[in-house]
S.K.: 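I'd like to ask some things about the structure below.
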There are 2 protein chains.
Amino acid sequence: MTETTALGVSPQDLPACPVETTLRLIGNKWEVLVLRDLMPGTKRFGELKQSIGGVSQKVLTAKLREMEADGLVERHVYAEVPPRVEYSLTPLGRSLKPVLDSLEQWGTAYKKKVAAAAR
Amino acid sequence: MTETTALGVSPQDLPACPVETTLRLIGNKWEVLVLRDLMPGTKRFGELKQSIGGVSQKVLTAKLREMEADGLVERHVYAEVPPRVEYSLTPLGRSLKPVLDSLEQWGTAYKKKVAAAAR
DNA sequence: TTGTTTGGTTTCTTTTTTGTAACTATACAC
DNA sequence: GTGTATAGTTACAAAAAAGAAACCAAACAA
């Protein structure tokens, strides 16, 4: 294995359509926002929770676990007290940057149009 | 107005983050799949329902109405019997092509990795 | 002993999304 | 009159996602 990811997925479990395949992994709002906030680098659980904004602890934990299982996110626990847990993207997670970029670019352009139409 | 879209949105109603802004419009799986299937061109309601696969009539109608209200989709009713209703993307909807492309490209690459890991 | 901190888990409730099935309009064919 | 076809709508039910709040562990500080 050349990459540190959990690719133990059966190919036949994936939808035929590549778009649906991608949605299977990041089809949820929170997952996209985790990606957005980890793209610049490592963050602790609390930082992530705050930067995402509006996520409950429960949901954030659940999404991070899913993304870890999917090989998008890495979790590092430091044996300190109080505990420190850092999250970062795996190479597979970082490979989603073009998707994030396209979402950001479209949103920026759209906001510009909306602002122009409001004048 | 230079474009045929419903941009009657208050700019302050949109999230500050452009990624979240985009998600506000296409943050749902069905919306992305409608986009995917209308990207090549006009489709009738029944065709769309079939090509998306697994959507109920109710949900598809609801999503198409939302996307129409958001200015992404156009609806043309032909006064025939039985009725014919055609859906197509507006320029704003078509402007999401780069997003769709990035989703497709990532999905394709991911499937390749998964297939390689399975060998 | 009690309080503090971080990163959770658990339980319960609410909201959102989706599904199912029945019902509709319209005109034409039989 | 009955059946057919398309593109819906409506009412009701179920499932999934999310939110709120309480609880927990561990070590250190006061």
Side-chain angles (χ1 to χ4, degrees), chain A residues 13 15 17 19-20 22-38 41-70 72-89, chain B residues 13 15 17 19-20 22-38 41-70 72-89:
Chain A
D13 287 350
C17 167
V19 173
E20 283 179 70
T22 305
L23 291 178
R24 174 88 44 115
L25 282 125
I26 53 159
N28 176 282
K29 174 191 174 181
W30 301 124
E31 288 159 353
V32 175
L33 297 184
V34 165
L35 229 46
R36 176 197 66 183
D37 287 353
L38 288 185
T42 297
K43 273 200 169 67
R44 296 182 60 166
F45 181 84
E47 294 178 290
L48 205 46
K49 183 169 185 301
Q50 201 180 345
S51 70
I52 288 178
V55 220
S56 70
Q57 194 135 315
K58 190 191 87 173
V59 169
L60 182 55
T61 305
K63 291 303 163 190
L64 285 168
R65 293 293 146 86
E66 285 175 39
M67 294 175 78
E68 197 190 355
D70 287 339
L72 299 176
V73 159
E74 263 176 1
R75 180 171 180 265
H76 288 289
V77 183
Y78 295 87
E80 302 173 1
V81 166
R84 180 162 58 105
V85 182
E86 290 189 343
Y87 289 93
S88 53
L89 295 184
Chain B
D13 287 351
C17 168
V19 173
E20 283 179 70
T22 305
L23 291 178
R24 173 89 45 114
L25 281 123
I26 52 160
N28 176 284
K29 175 190 173 180
W30 302 125
E31 289 158 353
V32 176
L33 297 185
V34 165
L35 229 45
R36 176 197 67 184
D37 287 353
L38 288 185
T42 297
K43 271 201 170 67
R44 297 181 59 164
F45 181 84
E47 294 178 290
L48 205 44
K49 183 169 183 302
Q50 200 180 347
S51 70
I52 288 178
V55 220
S56 69
Q57 194 136 314
K58 190 191 87 172
V59 168
L60 182 56
T61 306
K63 290 303 163 191
L64 286 169
R65 293 293 144 85
E66 284 176 41
M67 293 176 79
E68 196 190 355
D70 286 338
L72 298 177
V73 158
E74 265 177 359
R75 181 170 179 266
H76 288 289
V77 184
Y78 294 87
E80 304 174 356
V81 167
R84 180 161 58 104
V85 181
E86 290 190 344
Y87 289 92
S88 54
L89 295 184

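All values derive from a computational prediction rather than experimental measurement. Each chain gets a letter, A, B and so on, in the order the sequences are listed, and its residues count up from 1.
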S.K.: NA contact type, B/Lys58, heavy-atom cut-off 4.0 Å: base, sugar-phosphate, or nothing?
M.R.: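 The residue B/Lys58 makes base contact.
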
S.K.: OP1 or OP2 of D/dT6 versus the side-chain N and O atoms of B/Arg44: is any pair under 4.0 Å?
M.R.: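 No, outside the criterion.
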
S.K.: Can you measure A/Arg84 atom CZ to D/dA27 atom C1' for me and round it to whole angstrom units?
M.R.: 16 Å

S.K.: Output the single nucleotide from D/dA18, D/dA7, C/dG19 whose closest atom is nearest the side chain of B/Ser56.
M.R.: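 Shortest atom-to-atom distance from the side chain points to C/dG19.
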
S.K.: For B/Pro82 and for B/Val55, locate the closest nucleotide of DNA chain C by heavy-atom distance; then report the residue assigned to the nucleotide nearer the 5' terminus.
M.R.: B/Val55

S.K.: Would you classify A/Lys63 as touching base, sugar-phosphate or nothing, given that sugar-phosphate means primed atoms plus P, OP1 and OP2, and contacts are heavy atoms under 4.0 Å?
M.R.: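 Sugar-phosphate, no base atom in range.
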
S.K.: For a quick test of reading the model: is some side-chain N or O of A/Asn28 closer than 4.0 Å to OP1 or OP2 of D/dA16?
M.R.: no

S.K.: May I have the distance from B/Lys43 (atom NZ) to D/dA7 (atom P), rounded to whole angstrom?
M.R.: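 Whole-Å distance recorded here is 13 Å.
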
S.K.: For C/dG7, does either OP1 or OP2 sit under 4.0 Å from a side-chain N or O belonging to A/Arg75?
M.R.: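 Checking C/dG7 against A/Arg75, no side-chain N or O comes under 4.0 Å of OP1 or OP2.
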
S.K.: Looking at every non-hydrogen atom in both residues, tell me the closest pair between A/Cys17 and B/Arg36 and how far apart they are.
M.R.: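 Looking at all heavy atoms of both residues, the shortest contact is SG-NH1, 3.0 Å.
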
S.K.: Would you say B/Glu31's side chain and B/Asn28's backbone share a donor-acceptor pair under 3.5 angstrom?
M.R.: yes

S.K.: Over how many whole Å does the gap from B/Lys29 atom NZ to D/dA17 atom P extend?
M.R.: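 These atoms are roughly 11 Å apart.
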
S.K.: Per the side-chain hydrogen bond (donor to acceptor under 3.5 Å, both in side chains) rule, which among A/Arg75, A/His76, A/Lys43, A/Glu68 passes with A/Tyr87?
M.R.: A/Arg75

S.K.: Could you check how far CG of A/Leu48 sits from P of C/dT6, rounded to whole Å?
M.R.: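 After rounding, the gap between these two atoms is 15 Å.
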
S.K.: Over all heavy atoms of both residues, which pair between B/Glu20 and A/Leu33 is shortest? Give the atoms and the distance, please.
M.R.: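 Residues B/Glu20 and A/Leu33, closest heavy atoms: CG-CD2, 3.6 Å.
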
S.K.: Specify the separation, in whole Å, of atom NE2 of A/His76 and atom P of C/dG7.
M.R.: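 In whole Å, C/dG7 P lies 15 Å from A/His76 NE2.
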
S.K.: So if I take every side-chain heavy atom of A/Phe45 and compare against C/dT6, C/dG7, D/dA18, which nucleotide ends up nearest?
M.R.: C/dG7

S.K.: Report yes or no: does B/Gln50 contribute a side-chain atom to a donor-acceptor pair with the main-chain N or O of B/Glu47 at less than 3.5 Å?
M.R.: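 Side chain of B/Gln50 to backbone of B/Glu47: no pair is present.
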
S.K.: Is A/Tyr78 touching bases, backbone alone, or none of the nucleic acid, heavy atoms closer than 4.0 Å?
M.R.: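 Since no nucleic acid heavy atom lies under 4.0 Å of A/Tyr78, the category is nothing.
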
S.K.: Over how many whole Å does the gap from A/Leu33 atom CG to D/dA18 atom C1' extend?
M.R.: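 Atom-to-atom, A/Leu33 to D/dA18, this comes out as 14 Å.
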
S.K.: To the nearest angstrom, how far is B/Arg65 atom CZ from D/dT9 atom C1'?
M.R.: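 Checked: the CZ to C1' distance equals 10 Å.
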
S.K.: Rounded to whole angstrom units, what separation is found between the NZ atom of A/Lys49 and the P atom of C/dT5?
M.R.: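 It is 15 Å, rounded to the nearest whole Å.
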
S.K.: Taking only the side-chain heavy atoms of A/Val59 (C-beta and beyond), determine which of D/dA18, D/dT9, D/dA26 contains the nearest atom.
M.R.: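 The listed nucleotide nearest to A/Val59's side chain is D/dA18.
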
S.K.: C/dT18 phosphate, OP1 or OP2: any side-chain N/O from B/Trp30 under 4.0 angstrom?
M.R.: yes

